[in-house]
Amino acid sequence: MAKTLLIMGSVRAGRRCPQIAAWVLGIARAASDADYELVDLADWPLGMDSEPGIPAFGKGYARELTCAWSEKIKPASAIIFVTPQYNWGYPAVLKNAIDHLFHEWKGKPALIITYGGHGGGKCAAQLRQVVEQVGMTPLATMPALTLPRAAVEGAPHDPAKDFTEEEVDMIKQAIIELPSARNC
Ligand SMILES: Cc1cc2nc3c(=O)[nH]c(=O)nc-3n(C[C@H](O)[C@H](O)[C@H](O)COP(=O)(O)O)c2cc1C
């Protein structure tokens, strides 16, 4: 079965992303029998804009790690982005990971889940525009999770306790809708 990749948007020191992504993964696995895999961009040190060619031209890649990144993304059946909001945008590492490829993203349903002190609606809107440009089909439902102020300031955070039932229900609903978001 082709995998649904859950790509984490943060590589920041002290990040909350692994904890939140693992919690989302638990919800996804309970809501559907799709095959999920977590992708940590910290394991993919692609380098900033490290490819000399333009991925959209489809002439191949110069670097081995980009080829491996291409092979990771190409067979996936869908992508779930779990990303924080930084200054109303999403982290540069995520944009860089998207920009390293082009055709590999095409036709895949995408679920955008964001989080931040003020939710993540602003960064979700930016990410949506980019995933549409590379040919993915983003779901209209984009859960934006609000982190408690104390968690943003570094206090221990438990997603299962700190996020609301409404936020959980929205994630479940989006997980169920995700496979039907295909555009080809
Ligand atoms: C550089 C930076 C900018 C941030 N800007 C925002 C913001 O614009 N809106 C928001 O809701 N939260 C903002 N935050 C709070 C983050 O969403 C919060 O710290 C979150 O835990 C970051 O995700 P991470 O810990 O996985 O890196 C910002 C955090 C950082 C580090």
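Remember, it's 1-based here, ligands and their atoms both numbered in the order they're listed.
By the 4.5 Å heavy-atom criterion applied to side chains, L94 and I7 are counted as neighbours. In this structure the side chain of E167 never reaches within 4.5 angstrom of the side chain of P143, judged on heavy atoms.
One hydrophobic cluster, built from ILVMFWY side chains closer than 4.5 Å, holds both L25 and I27.
Contacts with ligand 1 closer than 4.0 Å are made by side-chain heavy atoms of L147 only, the backbone lying farther away. Heavy atoms of C17 found under 4.0 angstrom from ligand 1 belong to the backbone as well as the side chain.
Distance from atom 29 (C) of ligand 1 to its nearest protein heavy atom, with residue and atom name: Y86 CD2, 3.9 Å.
Residue contact annotation: G119 has a non-hydrogen atom under 4.0 Å from ligand 1.
Annotation for ligand 1: atoms under 4.0 Å from non-hydrogen atoms of Y115 are 17 (O), 20 (C), 23 (O), 24 (P), 26 (O). Every atom of ligand 1 with a heavy atom of G117 under 4.0 Å away is listed here by number and element: 10 (C), 11 (O), 12 (N), 17 (O). Near R12, meaning under 4.0 Å from any of its heavy atoms, are these atoms of ligand 1: 24 (P), 25 (O), 27 (O), 31 (C).
The N/O atoms of Q85, backbone and side chain alike, include one that comes under 3.5 Å of an N/O atom in ligand 1. Taking distance alone, with nitrogen or oxygen atoms compared against 3.5 Å, P84 stays at or beyond that limit from ligand 1.
Using a 4.0 Å cut-off between a side-chain N of Lys or Arg and a carboxylate O of Asp or Glu, R15 and D40 qualify as a salt bridge.
When the heavy atoms of E153, M8, H157, H118 are ranked by distance to atom 11 (O) of ligand 1, first place goes to H118. Closest heavy-atom approach to atom 3 (C) of ligand 1 among the candidates N87, V152, V82, V11: N87.
Side chain of K108 to main chain of K74: a donor-acceptor pair is present (N/O by atom type, distance under 3.5 Å, no hydrogens or angles).
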Side chains of residues 29-36: which donor-acceptor partners sit under 3.5 Å, not counting sequence neighbours?
unit_1	atom_1	unit_2	atom_2	d
R29	NH2	Y36	O	3.0
S32	OG	A34	N	3.1
S32	OG	Y36	OH	2.7

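Identified under the ring pair (Phe, Tyr, Trp, His ring centres under 6.0 Å) test for residues 56-111, with sequence neighbours left out: W44-W69.
T114 and Q85 are not linked by any side-chain donor-acceptor pair at a separation below 3.5 angstrom, with hydrogens and angles left out of the test.
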